[in-house]
Amino acid sequence: MAKGMSDMADRLAPVSADQPATTGSTTPRLLLIDGHSMAYRAFYALPVENFATSTGQPTNAVFGFTSMLANLLRDEEPTHVAVAFDAGRTTFRTERLESYKGNRASTPEPFRGQVDIIRALLATLHVQVLDKPGVEADDILATLTAQARDQGMEVLVCSGDRDTFQLVGPTVTVLYPVRGVSEMSRMTPDAVEAKYGLPPARYPDLAALVGETSDNLPGVPGVGPKTAAKWITQYDGLPGVLENAERITGKAGESLRAHLAQVELNRELNRLLVDVELPVGPEDLAVRPWDRQALHEMLDELEFRTLRDRLFAMLPDETRDERVATAAALDLVQTGDGGLGAWLDARADEVLGLDVRGSGAPARGDAWGVAIADGAGQAVAYDLTAIEPADDAALAAWLGDPDRGKSLHAAKEAWHALDGRGLALRGVRFDTELAAYLCQPDRRAYDLPDLAIGYLRRELSSDAATSAGQGALDLEVDGADEGRRAAVRAAAVRDLVDVLGGEVADRGATTLLTDLELPLQDVLARMERTGIAIDRGYLSSLEQEFDGRVQGAAADAYAVIGREVNLGSPKQLQEVLFDQLGMPRTKRIKTGWTTDAAALTDLFARTGHPFLEHLLAHRDAIRLRQTVEGLLRSVGDDGRIHTTFQQTIAATGRLSSADPNLQNIPIRTEAGRQIRRAFVVGPGYSTLLTADYSQIEMRIMAHLSGDEGLIAAFRSGEDLHSYVGSRVFGVATGDVTPAMRSKIKAMSYGLAYGLSSYGLSQQLAIEVSEASALMTDYFERFGGVRDYLTGVVDEARATGYTATILGRRRYLPDLTSDNRQRRETAERMALNAPIQGSAADLIKVAMLGVDAELTRRGLRSRMLLQVHDELVLEVAEGEREEVESVVRTQMAHAGDGVPGGALDVPLDVSVGVGASWHEAGH
DNA sequence: AATGTAACGTA
DNA sequence: CGTACGTTACATTG
């Protein structure tokens with residue numbers, strides 16, 4: 001839902017107006033909204049399936065209405081505001097005419113209840129809500145409009161009912177939604193006149209003649225707006241038209257005469273009441289401050305994230321200062337030149353909040369500001385480009401002292417930023433980003449302002465929100481402001497520690513944070529800082545080679561079809577394949593039919609068309625070239641590539657690698673493997689060493705399931721897939737054919753992903769029935785695996801989460817979804833997460849062990865990369881044997897300390913060495 | 001310019 | 001109709 005919601009937020013963002021709202025005027029401006037009509041519009045404008053809370057409450061109308069309101073408040077800057085609702089279905093109009101609005105379908109189920117939510121939301125915004133039995137919302141609006149106009153107020157009426165056009169005047173504008181609720185047409189007297197050829201007061205005359213389908217009021221057949229306007233002008237209003245009906249010639253006149261009663265009734269019904277008795281007048285509707293706490297709670301319940309930001313971003317500055325009350329209370333201390341040391345020493349035993357402004361890219365970071373906050377509401381901030389030497393020294397000593405505890409948000413970035421200024425960062429006791437990740441691993445981002453909202457109900461100004469990487473422009477503004485913003489961040493971090501620390505503890509993740517993720521963060525920082533050496537010359541020659549292949553394949557492809565197309569455009573390819581060449585359709589995708597490699601290969605097998613061959617070769621070559629070009633761009637001045645290992649991205653607990661991604665360097669094809677030759681041992685070191693776990697996920701499955709057969713397989717030391725194959729097919733291990741083995745291998749791995757028999761049949765190009773039989777046979781021999789897989793899903797459904805061997809949780813609310821697709825996806829996630837996540841836990845433990853042991857032994861060799869089940873190290877002269885032993889030991893024993901003792905299966909590690917990543921691989 | 005989609009590389 | 005990622009180019013949108 002989050003995705004759909006943000007899409008909608010963007011779509012709704014601008015209130016388009018034919019002309020800009022006037023601002024800066026001192027005239028009071030009253031905004032009146034027809035609540036029901038706008039909510040209804042919102043309901044139909046936004047797809048309900050994209051808007052629901054995790055509990056299933058539909059929220060599309062609430063979202064659309066609130067979004068619209070936020071835009072109106074922002075753009076129109078009303079001083080007074082009210083929302084009117086219809087109070088039931090019977091009004092004086094339905095009493096007069098039973099069929100009035102009688103064509104309206106009964107309220108759709110998902111709309112029910114949303115009006116009540118909107119009313120509650122309006123209450124938190126302290127917006128007056130009005131309704132009155134027997135009259136419609138528009139009558140209330142009309143009455144208030146008349147009163148406000150007479151009091152000299154400007155009035156804006158927002159309604160989807162055209163009857164309100166009769167209210168338009170020099171100081172009264174109707175905002176009429178044209179598409180959804182995001183675009184409003186500004187109905188001024190001129191706009192009404194331009195559209196209908198009549199002044200606003202005569203619009204209801206026209207509507208009476210033409211009819212109003214939405215109110216179930218039929219008009220005069222054959223009479224449209226043009227004719228109606230002509231008559232009304234000619235006879236000076238509807239009464240004149242009716243009086244002179246006899247004189248109007250032609251079919252239209254005939255028709256009019258036959259429907260005089262209807263027209264009169266229409267006019268009676270579409271006249272809005274301006275004398276409704278109301279408990280309040282316009283003067284009572286002044287905009288008031290929101291009930292911030294209640295609003296936050298409502299937005300929490302509604303799970304509106306982007307909307308919250310927009311609502312609060314909209315507040316005027318004086319209100320904003322108020323809402324950062326906690327931050328405003330922050331005492332930004334001027335310690336005076338050389339005073340930092342004393343300030344820090346007075347807080348020697350305290351874990352302080354630290355914010356570093358700067359750029360956190362590995363090996364090219366820079367820091368230009370720091371702020372430190374204590375737990376008593378005091379903070380200090382320094383501009384590192386202009387810091388006194390004494391303060392600089394005190395800061396450096398404090399930052400680098402492992403015994404002086406500090407808490408940060410995204411400490412690894414700060415580490416790199418400080419490193420760029422020659423400052424070491426040690427003693428990180430808490431990281432709010434890591435903590436939030438452990439609590440909510442499925443989130444994709446953990447911005448500090450978001451966490452402050454979510455856990456502290458505190459709003460950091462969006463300027464303070466700028467992360468370490470993006471603060472550069474801020475230096476242009478007032479330096480004192482910059483310092484305060486940093487201090488606000490530091491204080492937020494400091495305060496988040498208490499709340500998030502509790503959340504982490506509640507989830508049993510404290511050890512995971514302090515003993516695994518936090519120490520690992522430092523290891524990763526050093527790996528990133530080190531980078532891996534690249535043979536640029538070789539990589540450039542590869543680029544040339546791949547480029548040649550790209551050109552050749554493209555030329556061949558063009559020759560076949562007799563024209564040049566963009567082979568990288570799926571759209572153009574579809575044209576060529578399915579229109580020009582008339583090939584059979586492939587699998588359906590959003591934009592037509594897929595042209596992916598599997599489909600092209602299949603097409604080639606069926607048609608043998610040479611274009612496909614060249615196209616596939618082109619795809620291949622272009623991707624290789626892209627990969628190489630990307631890598632070349634990433635090589636730093638030191639001749640090395642410094643990836644960033646992201647520690648808070650993968651919901652299962654894995655690391656990810658970005659900028660560039662070194663976890664997806666090709667290996668499967670020969671051409672791909674050539675790229676790995678470009679990753680080389682750097683100067684001063686003797687070799688690269690790779691170490692990887694064999695079949696770690698299968699081993700974890702064996703351990704977690706306790707399946708005796710699978711455990712025995714691993715303990716036997718035999719080839720896993722042959723062993724399993726022999727049991728499934730009932731033959732001796734030696735008689736398992738390669739075909740049998742590959743089927744077993746595919747199935748074994750597929751199990752950990754929730755593979756279906758259909759999926760297995762696709763992958764192995766066999767019948768579904770055969771795949772299904774294979775799975776049955778498998779589970780007959782390895783029933784523990786099946787019991788485990790179903791059990792893990794059942795448990796997750798009951799508890800709401802899965803857990804790895806180190807207790808890392810993944811919450812999967814969709815396991816109880818009514819939507820089958822979502823539910824089944826969640827089930828596959830549930831059975832995969834403990835396996836993939838436990839493997840991630842284990843290699844993280846191993847990395848800590850390897851790092852600690854290398855340090856303890858005083859070895860120069862160092863870790864460079866982690867690729868999920870593989871570590872790459874750079875080995876110093878004379879250290880190869882010892883390093884290999886350290887790595888083997890630490891990796892193999894990573895599971896020794898898991899809760900409940902060691903794993904039930906051994907962890908097998910294979911090691912290779914060589915001058916390049918390719919040679920070191922095995 | 002920013003965003004989404006298709007495609008494809010890895011474990 | 002198998003999990004977890006990141007990057008790229010193209011196409012569409014503002």
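Because only heavy atoms are used, hydrogens play no part in the values below, and waters and symmetry mates are left out as well, while side chains stay in. By convention in this document, chain letters (A, B, ...) are assigned in the order of the sequence lines, proteins followed by strands, and residues within each chain are numbered from 1. Note that the coordinates shown come from a computational prediction; the quantities given were computed from them, not determined experimentally.
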State which residue, out of A:Arg822, A:Gln821, A:Glu827, fulfils the side chain to side chain contact (heavy atoms under 4.5 Å, CB included) condition with A:Glu824. A:Glu827
side-chain N/O A:Thr591 vs B:dT5 OP1/OP2, d < 4.0 Å: no
OP1 or OP2 of B:dA7 under 4.0 Å from side-chain N/O of A:Arg623: no
Distance, rounded to the nearest Å, where A:Glu827 contributes CD and C:dC1 contributes P: 15 Å
Among C:dC5, B:dT10, B:dA7, the one nearest A:Ala650 by side-chain distance: C:dC5
As a test of reading the structure: which of C:dT7, B:dT5, B:dA11 is closest to the side chain of A:Lys590, going by heavy atoms? B:dT5
Look at the side-chain N and O atoms of A:Ser657 and state whether any lies under 4.0 Å from the OP1 or OP2 oxygen of C:dC5. no
Is A:Gln646 side chain donor-acceptor paired with the C:dG6 base, going by distance under 3.5 Å alone? no
Nearest-Å distance, CG (A:Asp869) to P (C:dC5)? 17 Å
Does A:Arg810 make a side-chain N or O approach to OP1 or OP2 of C:dA4 shorter than 4.0 Å? yes
So what does A:Ile649 touch, heavy atoms closer than 4.0 Å: a base, only the sugar-phosphate, or nothing? sugar-phosphate
Can a side chain N or O of A:Ser656 be found less than 4.0 Å away from OP1 or OP2 on C:dG6? yes
Kindly indicate whether a cation-pi arrangement holds for A:Arg677 with A:Trp917, taking the cut-offs as under 6.0 Å to the six-membered ring centre and within 45° of the axis. no
Counting only distance, no hydrogens or angles, is the base of B:dG9 paired donor-acceptor with the side chain of A:Asn664 under 3.5 Å? yes
Under 4.5 Å between any side-chain heavy atoms of A:Leu831 and A:Tyr753, yes or no? no
Test of understanding: with ring pair (Phe, Tyr, Trp, His ring centres under 6.0 Å), list the residues that count as partners of A:His721, not counting sequence neighbours. A:Tyr749
Contacts of type side chain to side chain donor-acceptor pair (under 3.5 Å), residue A:Asp692, not counting sequence neighbours: A:Ser910, A:His922
From the options C:dC1, B:dA11, C:dA4, select the nucleotide whose nearest atom is closest to the side chain of A:Tyr758. C:dC1
Please tell me which of the listed nucleotides, B:dA7, B:dA11, B:dC8, lies nearest to the side chain of A:Thr594? B:dA7
Taking only the C1' atom of each, what is the distance from B:dG4 to C:dG2 in whole angstrom? 24 Å
A:Tyr778: ring pair (Phe, Tyr, Trp, His ring centres under 6.0 Å) partners, not counting sequence neighbours: A:Phe782
Taking only side-chain nitrogens and oxygens of A:Thr595, does any of them come within less than 4.0 Å of OP1 or OP2 of B:dA7? yes
Could you state the CG-P distance from A:Leu751 to C:dT3, rounded to the nearest angstrom? 14 Å
A:Arg619 (side chain) and B:dA7 (base): donor-acceptor pair under 3.5 Å: no
Under 4.0 Å between a Lys/Arg side-chain N and an Asp/Glu carboxylate O for A:Arg823 and A:Asp814? no
Reckon A:Ala752 touches a base, only the sugar-phosphate, or nothing at all at heavy-atom distances under 4.0 Å? nothing
Answer with base, sugar-phosphate or nothing: what part of the nucleic acid does A:Arg444 contact at a heavy-atom distance below 4.0 Å? nothing
Decide side chain to side chain donor-acceptor pair (under 3.5 Å) for A:Gln663 and A:Gln866; before the verdict, give the C-alpha distance in whole Å, the side-chain angles of both, and the deciding distance to 0.1 Å. CA-CA 8 Å; A:Gln663 289 179 326; A:Gln866 187 252 48; 3.2 Å; yes
All N/O pairs under 3.5 Å across the protein-nucleotides 11-13 of chain C interface:
{"from": "C:dA11", "atom 1": "OP1", "to": "A:Ser569", "atom 2": "OG", "distance (Å)": "2.3"}

Expressed in angstrom and rounded to an integer, what is the separation of A:Arg654 atom CZ from C:dA4 atom P? 10 Å
Selected nucleotide, minimal atom distance to A:Ile667 side chain, candidates B:dT10, C:dC1, C:dG2: B:dT10
Which whole-number value in Å describes the distance from A:Met701 CE to C:dT3 P? 15 Å
So A:Gly750, base contact, sugar-phosphate only, or nothing? Heavy-atom distance under 4.0 Å. base
C:dT3 phosphate, OP1 or OP2: any side-chain N/O from A:Arg828 under 4.0 angstrom? yes
What nucleotide, of B:dA11, C:dA9, B:dC8, holds the atom closest to the side chain of A:Gln626? C:dA9
If I take atom CG in residue A:Leu616 and atom C1' in nucleotide B:dA7, what distance separates them, rounded to the nearest angstrom? 12 Å
To the side chain of A:Ile589, which of C:dT8, B:dA6, C:dT7 is closest? B:dA6
Sequence-distant partners of A:Arg741, salt bridge (charged side-chain N to carboxylate O under 4.0 Å, His left out), two or more places apart: A:Asp719
Expressed in angstrom and rounded to an integer, what is the separation of A:Tyr749 atom OH from B:dA11 atom C1'? 10 Å
Taking only the side-chain heavy atoms of A:Asp620 (C-beta and beyond), determine which of C:dA4, B:dG9, C:dT8 contains the nearest atom. B:dG9
Could you state the OH-P distance from A:Tyr753 to B:dA11, rounded to the nearest angstrom? 10 Å
Can you sort out the partners of A:Tyr811 under ring pair (Phe, Tyr, Trp, His ring centres under 6.0 Å), two or more places apart, ordered by chain and number? A:Tyr801
So what does A:Ala651 hit on the nucleic acid, given a heavy-atom distance under 4.0 Å: a base, only sugar-phosphate, or nothing? sugar-phosphate
Remember a base hit wins even if backbone is also touched, and classify A:Ile665 as base, sugar-phosphate or nothing at under 4.0 Å, heavy atoms. sugar-phosphate
Is there a side-chain contact between A:Arg625 and the phosphate of C:dA9, meaning an N or O under 4.0 Å from OP1 or OP2? no
